Amino acid sequence: MHGIIKERLFTPGPTPVFMEAQVRAVTRDLHHRTEDFRQVVRETVDLLRYYFGTKNDVVMFASSGTGAMEGAVANLCSPGDRVLVGTAGKFGERWLALAQAYGVEAVKVESPYGQPVSIEEMKRQLEKSGPFRAVFIQATETSTGVSHDVKALGSLVSKYPETVLVVDAITGLGTTDLRPDEWGLDVVIGGSQKATMMPPGLAFASVSDKAWKTMEKSKSPRFYFDYAKERKNLAKGETAYTPATSLVVSLHGVLSYIKEIGRETLIANAAMLADATRQAAQALRLKPFAASSPANAVTAICAPEGLDSGAIIKELRSRFGAIIANGQGTMKGKIFRLAHLGYFDAVDLFAIVAALEIALNKVGHKVELGSGVRAAQETYLKHVDSAEPHRAGAR
Ligand SMILES: Cc1ncc(COP(=O)(O)O)c(C=O)c1O
């Protein structure tokens, strides 16, 4: 008997929700064809622009993030088009599967799991194998905990007037500095159950003028995930079909909070948690899975030699109610992943590292209790002491 056990999510989606916004949303009766709701929608779209850091129009759909990914392929590409896909994990592979589903020919630049896509190789392919209708990549590849240099890629793709850059930032938004307008990120995709601190159910995408023009030419079939139709409706505070009303109200609440603390604060928070987790892992003689460019969104850690990561995950779950993620596909059993995106704070960090130390000892990886926590505490202090005073308030 371990006493009271609270279930807590440390997974890279769904993530802990910002309850204040949830409560407000579920306790309201709403109808979407009312002026009240239109006002909420208009303000939410503006707040999304702030969250994305863009002046571009942003569309949203009642779906998981993959809906907006599918929409990006369907709205931008025609059957037979060629696209360039940078893939470094399970979500990069999703771009390839989507291209295939829409009869689009994908040239891929593939990196082994744990390594980022080579931007040099993307450049070579752009020069050698184009023209491409679009380039697809992840800002952060959640399955491996690696981030990509989308700024460099943006500056390369901007040189090709016929090619748009599509960034799956489903775990990049709110964890990583992204500047769609400055860097030429034509389509940037996000989802609600990530740094947006909400339950699953909403996907959003910002779209540049260059991408809107490309969409006018696409001949692929589309109906629900029609970006242009949604843009037209959202401009009036409407959505084409019944919106997920309570999620939209919740999004309005969360984004207001994010605006209050500052987008940069949210990103710096994830960066601090990720850095502290990496330092703690090192102190606990654990190897990071990302060979380079580790993401702020999630840290993937290799299971100690001879141990299945599932044993650690099970111990954390049964002993502490802490839910962390296993590896996906062939990475299952080899790594475990701790999330930093959204509504996590320093106490969550110290607690999960302390719990991890106990779990590691229980499954046979002997570590000195407190050694990881100490590394996390020291890294926390380094970040916080060097940071500008921020506007964050306790909630
Ligand atoms: C980078 C990335 N892309 C795409 C997805 C798919 O999003 P969803 O599960 O919301 O469809 C995820 C989900 O974890 C993700 O992390």
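When reading the values below, keep in mind they use all heavy atoms of this one structure, side chains included, and skip hydrogens, waters and symmetry mates. When a ligand or atom number is given, it counts from 1 through the structure's own listing order. Here the structure is a predicted model, which is why all the values come from computation and not from measurement.
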S.K.: Less than 3.5 Å between some nitrogen or oxygen of Phe91 and one of ligand 1, yes or no?
M.R.: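 Min N/O separation from ligand 1 is not below 3.5 Å for Phe91.
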
S.K.: Quick check on contacts: which atoms of ligand 1 are under 4.0 angstrom from a heavy atom of Ser64?
M.R.: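 With Ser64 as reference, the close atoms of ligand 1 come out as 8 (P), 10 (O), 11 (O).
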
S.K.: Mark up the atoms of ligand 1 that fall under 4.0 Å of a heavy atom belonging to Thr140, in ascending order.
M.R.: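 Answer, ordered by atom number: 1 (C).
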
S.K.: Distance under 6.0 Å and angle within 45° of the ring axis: does Arg263 meet both against Tyr51?
M.R.: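 No cation-pi geometry.
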
S.K.: Relative to the heavy atoms of Thr171, which atoms of ligand 1 are at a distance of less than 4.0 Å?
M.R.: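 Under 4.0 Å from Thr171, ligand 1 has these atoms: 1 (C), 16 (O).
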
S.K.: Output yes when the distance from some N or O of ligand 1 to some N or O of Gln193 is under 3.5 Å, and no in every other case.
M.R.: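 Indeed, backbone or side chain, Gln193 has an N or O that close.
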
S.K.: When rounded to the nearest 0.5 angstrom, what distance separates CZ in Phe61 from CZ in Phe204?
M.R.: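 Rounded to the nearest 0.5 Å, the CZ-CZ separation comes out at 12.0 Å.
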
S.K.: Which ligand 1 atoms are under 4.0 Å away from a heavy-atom of Thr66?
M.R.: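 Counting from 1, the qualifying ligand atoms are 6 (C), 7 (O), 8 (P), 11 (O).
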
S.K.: Is NZ or CZ of Lys229 both nearer than 6.0 Å to the six-membered ring centre of Phe223 and within 45° of the ring axis?
M.R.: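 Yes, a cation-pi geometry.
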
S.K.: What protein heavy atom sits nearest atom 3 (N) of ligand 1, and how far off is it?
M.R.: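 Answer for atom 3 (N) of ligand 1: Asp168 OD2, 2.5 Å.
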
S.K.: Side chains of residues 293-306: which donor-acceptor pairs under 3.5 Å do they make with residues two or more places apart or in other chains?
M.R.:
unit_1	atom_1	unit_2	atom_2	d
Asn296	ND2	Thr175	O	2.8
Thr299	OG1	His340	NE2	2.6

S.K.: Of all the heavy-atom pairs spanning Val166 and Ala72, show the shortest one and how long it is.
M.R.: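 Heavy atoms only, the tightest pair is CG1-CB, 4.1 Å.
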
S.K.: Against heavy atoms of Arg94, which atoms of ligand 1 measure under 4.0 Å?
M.R.: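 Matching atoms, with element in brackets: 6 (C).
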
S.K.: Below 6.0 angstrom between ring centroids: does that apply to Phe350 and Tyr380?
M.R.: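 Between Phe350 and Tyr380, the centre distance is under 6.0 Å.
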
S.K.: Does the residue Ile189 have a heavy-atom contact with ligand 1, meaning some pair of atoms that are separated by less than 4.0 Å?
M.R.: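 No, that is not the case, since the closest heavy atom of the residue is not under 4.0 Å from the ligand.
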
S.K.: Kindly state whether the ring of Tyr257 and the ring of Phe18 have centres lying under 6.0 angstrom apart.
M.R.: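 So the answer is yes for these two rings.
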
S.K.: Using distance alone, decide if ligand 1 has a nitrogen or oxygen within less than 3.5 Å of any nitrogen or oxygen in Glu141.
M.R.: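 Among all N and O atoms of Glu141, none is under 3.5 Å from an N or O of ligand 1.
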
S.K.: Starting at CZ of Arg124, measure out to OG of Ser118 and round the result to the nearest 0.5 Å.
M.R.: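 If we round to the nearest 0.5 Å, Arg124:CZ and Ser118:OG are 6.0 Å apart.
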
S.K.: Should you measure from each heavy atom of Met69, which atoms of ligand 1 turn up under 4.0 Å away?
M.R.: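 Those of ligand 1 that fall under 4.0 Å from Met69 are 4 (C).
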
S.K.: I need the nearest protein heavy-atom contact for atom 13 (C) of ligand 1: residue, atom name and distance, please.
M.R.: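 Among all protein heavy atoms, the one nearest atom 13 (C) of ligand 1 is Lys194 NZ, 3.1 Å.
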
S.K.: With sequence neighbours left out, which residue pairs that include part of residues 77-115 fulfil the ring pair (Phe, Tyr, Trp, His ring centres under 6.0 Å) condition?
M.R.: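 Pairs touching residues 77-115 that pass the test: Trp95-Phe136.
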
S.K.: Hey, is Ile170 touching ligand 1 through its side chain, its backbone, both or neither, going by heavy atoms under 4.0 Å?
M.R.: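 Under 4.0 Å from ligand 1, Ile170 contributes side-chain atoms alone.
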
S.K.: Which residue and non-hydrogen atom of the protein lie closest to atom 16 (O) of ligand 1, and at what distance in Å?
M.R.: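 Of every protein heavy atom, Thr142 OG1, 2.5 Å lies nearest to atom 16 (O) of ligand 1.
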
